[in-house]
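Below, chain A is the first sequence line, B the second, and so on; all start at residue 1.
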Amino acid sequence: MTATQDPARTTEEGPDRPAFTYIGKDRRRVEDPRLLVGRGGYIADMKLPGMLHAAILRSPVPHARIASIDVSAALEIPGVVAVFTGEDVKAHMDPCMNFGPATITQYPIAVDKVRYVGEAVAAVVAENRYIAEDGVDAIVVEYEELPVVSDPRAALEPDAPVLHEEHGSNLGYERTFEFGDITAALESADLVVEDELHWGRSAGMPMETTGAIARPGHNGVLEIYCNSLNFSYLQFLLAAALRIPSNKLKMQPVPAGGSFGSKFTAHKVPTLAGFLALRTGRPVCYLEDRLDHLMNSDHHGSDRYYKVRMGFTKDGLITGLDVDVVDDYGAYMQFGVGTHGNALSQAVGPYRFRDLRYRLRAAVTNKCQQGAYRGFGSEVHNWVLERLVEQGAAKLGIAPEEIRKRNFVLPEEFPYKIPGGNVYDSGNYPGVLEKALSMIDLEHWRKEKERLRREENRYIGIGIATTQERSVFSSTEFWFWFDEPPFPITSSPESATITIDPTGAFQLLLHCQAMWGNSPETVATTILAEEFGIEPESVNVSYADTSRALPGTGPGGSRFTVMVAGAVRGAARKLKKKLIDIAAHTLEVAPEDLELVAARVQVRGAPERSLGLPELAASAYFFALNLPPGMQSGLEESYTYDHPYTTLPSPDRSDLGVFYPIMGHACHIAVMEVDPDTGMTKFLDYVAVHDAGTVVNPKSLGGHVTGGAAQGLGSTLYEELAYDADGQFRSSTFLDYLVPTANEVPPFRIGHVETPSPYTEYGIKGGGEGGRMVTPSAVSAAIDDALREYGMHVRELPIKPADIVATVQAARAKG
Amino acid sequence: MKPPRFLYCDPDTLDAAVALKAQHGFDALMLAGGQSLMPMLNMRLASPGVLIDINGITDLQRVVRTDDVLEIGAGVRQSAIESDEQVHAAVPLLARAVPHIGHVENRHRGTVGGSIAHADGAAELPCIAVTLDAVIVVRGASGEREIPAKDFFQGFLSNACAPDELVVAVRFPVTPAAAGTGFVEVARREGDFALAAAAVQAELDEQGRISRIAVGLAGVAATPVRATAVEDRLTGAAADPDTVAAAAQLAADVVTTGDDLHATAAYRKHLATTVVMRAVLAAVADAEQRTQNGSAS
């Protein structure tokens, strides 16, 4: 039996929506002034007295038993303080946090075996990083090489070499969910399209890598300064790995210079820094360099091989979707298969079909582990869906925009429960498509495409994609895969503390590390401004360390704006009540006759009878005898906002429950030119329209759309964390891992549609993962369209120029 | 990504630099713009005992033109020749190729001599040097030598300098006024090393046929190469697109780079023919334009 409950509905939807003063206005980010003058305060900016630096010896081989490690020459180098190996971590700590199978354990330094190129084999701690790297060079390791598992499909063969003996095979996980009757849905279809698709491995590539400084402090407390994002949610797991009580580990938030998923619960770096500090008794800094980060981050992105089928009626209505996916998780499975929970939250996209089968096999291979990358696996499913819809449209001779219109869930159908159980809260998919079509003259480009082909021998393609952009994850997606989950967590709250100081100035304390170059302070102070009528720039924002943090989950799954808005508004309501109670007592009027307007509490209908925040604050702090009887001094309130709408999965998993209901939507249209003889592409136009509910700040949301689209473009055309058949890593520098630059990224023309969520404060939806949810689909379709006469059909990302030219050459050879 | 320990020397004069190089031989590397060397040091792909910083040697920073030779000092920044009208007029192919070297930030630091000495087969300046039969001037303990570009680039990142020698200048022949030039490069992203690039200088006779042509390629072999078969086929030939396209097919034979992460061998061969065809046609069009302008004036 599925737990069903109607979530509280807020009032921000519909024609009664209140007018906002600050929300929805283009405002400059409050974070920018300090960042622009180099006062971001990153890990590399911090220097603690007596601080040592660590460098890591990384495995040059993909799979081997470590026969011996000789560190004696390293220890002789002046300035080298200590060297640690897998023997040390095995003796003095427990395995790292892990949400995957318990039989796949991981330490921050490899124990007994190495399982991928780049895995840590030894850590050298020295007076500076230069000497530490000299120490790394001096270590001698004997490896007994083992057979390599590189292809995830081959990894699942019965005779494949096994990475984790205790686990017994390379199948990390397998399950098939079926909702509806996929066999009947495909049999009844007039057309079934099939495809084999490969989404290649890429990753968020922040300017600043993951880093941590750990210091064994007073009272036996270990302090870890780190730029990992979810420490207040999961700090106790780090403490457990380090074998210290959780109240003796204080994690201090440090701003991150970019994440995009790469610092989402990034655990290996702070865990290792903590271990090294505990063992040496001194502060130790471990900051990944680019080589470390590329080959050993916690967060390579999805790497999936699909066999998929989709049925259509002759009118283009989708009848069902059959997915069989093998996902290459690399050597460890820290988040289990949560990235597929993500895909299931929007498994049918914006479309109405009811029959779905989803078979997942998670393969373990000799590669770096998979983690989070903007989209968390749902962006991959978006691409697969849109590839199939494109193919159906082409085969049925229906225009791509038309086939989508015919299949959209319509505005009057919300809230809409999809096959599998998740609910889409609200939406206006035809409205988003219409907005995009209004921003670009499709008929013009279709004529130009014909003319340029005919007159100038140029190849123009138009690609349309309409995809979902789920936001605000519930933790159930991590465990509903299991019938008997060990830790079926259901909380993912966010907290805020508002303090008005004795002069009436505002302090806002956030309870997670939310700052990674996004706009958490802009968003939170905008909400605060809306509630109190103050200027957002006047608020000072700080972040709690774990010794004082209230429940907080941090950014991830496009949740932060929605969640922090709920937390700030909740705390604001409590604090406003206290202000009004003080004013009521002072002015000798009933509290219900007072209102807070523009930072003053005033009598309704008689605004000249009012008290400003400084006067009220002075009373609250210094004049207890003026306060209502029983009121405590001070002006500080906190609020913990829980997920606005989540339900439990049914025990038999015929219904996965509501776990990602705050559903955004987007439509991108790309016009591209493709050179069939070089495989080079360029953009002639690009329109991106997103609906993220009530927009808090169009400028910062536009930044998410643009940045996400740029990263989507990277995953589509450039970025590849490549391993060869022997398991060697081929993308260890930016010479080979190609991040698109300003030269490759076109000016995206951005539009916003606002369909408020009925379940969140102010009707906000998350939009942080932005364009990456959409761009791969639009670009793939545009390239296919440009070279349709050559039978171009994008099946693999990234699309390399060599693949394009090979397709063209093969078609020409056939004549 | 921190370099191993090295001795840093900062000579003020060329003589002092030559003396240091003679003293340390192959254990010393020259530091000019550092656009290739510093990453190699930081990744510990190079570990010289001595680094000789030649950025302070003003004698290496001159561009001198005589009647038929443009001599560019080894220490001249790439961005300096990019914006130097004298260079554009004397050797137009340099003006076309230099903007393809990395990004402008790289060119502000990177030097002409540094790129030549680094001898990357995918780099633009070595390709132009080979295409134009430039001469590389090197100096060692026993004095100066002039090495033809075709003999200077000896293999993957290796040049013909003796252990005691350093590059001091590159001499480019001044391009005839009527010659046309073309440069076409394809790279994964703007500023990346070429998957394939073609540099062409062509002269036409009075009938519009190709009388002289040089075709160089970057990115397709361990060193920059000339597509001599294409040159031979086109010398004396009509400059129409079909003839050029047919001749360009011969460029595939000089491609020896195999499959790598960014390109397959088959793709590179097709790309080589494509960039050669396009560069030749561009050079021919340029020559026709120059001839028209010349007769008009």
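- Crowding of F734(A) atom CZ: a count of heavy atoms from other residues, nucleotides or ligands under 6.0 Å exceeding 12.
- Looking at L717(A), the atoms closer than 4.5 Å to chain B (heavy atoms on both sides) all sit in the backbone: N, CA, C or O.
- Across V125(A), V81(A), L272(A), a single residue satisfies side chain to side chain contact (heavy atoms under 4.5 Å, CB included) together with V284(A), and that is V125(A).
- For the pair V184(B)/V276(B), no side-chain contact is recorded, criterion being any heavy-atom separation below 4.5 Å from C-beta on.
- For A196(B), no part lies under 4.5 angstrom from a heavy atom of chain A.
- Side-chain contact of R77(B) with T111(B): a donor-acceptor pair under 3.5 Å is absent, judged by distance alone.
- The parts of P3(B) that come within reach of chain A are both its backbone and its side chain, each placing non-hydrogen atoms under 4.5 angstrom from that chain.
- The CG atom of L125(B) lies 5.5 Å from the CD1 atom of I116(B); values are rounded to the nearest 0.5 Å.
- Contact record, P224(B) with V130(B): CG-CG2, 3.7 Å, taken as the closest heavy-atom pair.
- Looking at heavy atoms from C-beta onward, T243(B) lies in side-chain contact with L234(B) at the 4.5 angstrom threshold.
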Note each donor-acceptor pair with a separation under 3.5 Å, taking one atom from chain B and one from chain A.
residue	atom	partner	partner atom	Å
M1(B)	N	E133(A)	OE1	3.2
M1(B)	N	E133(A)	OE2	2.6
M1(B)	N	D289(A)	OD2	2.6
K2(B)	N	E133(A)	OE1	2.9
K2(B)	N	E133(A)	OE2	3.4
R44(B)	NH1	D134(A)	OD1	2.8
R44(B)	NH1	D137(A)	OD2	2.8
R44(B)	NH2	Y130(A)	O	3.4
R44(B)	NH2	D134(A)	OD1	2.8
R188(B)	NH2	L717(A)	O	2.8
R189(B)	NH1	V739(A)	O	2.5
E190(B)	N	E744(A)	OE2	2.8
L261(B)	O	K800(A)	NZ	2.6
H262(B)	NE2	D736(A)	OD1	3.0
Y267(B)	OH	T678(A)	O	2.5
H270(B)	ND1	Q809(A)	NE2	3.1
H270(B)	NE2	D677(A)	OD1	2.8
R278(B)	NH1	D675(A)	OD2	2.7
R278(B)	NH2	D675(A)	OD1	3.1
R278(B)	NH2	D675(A)	OD2	3.2

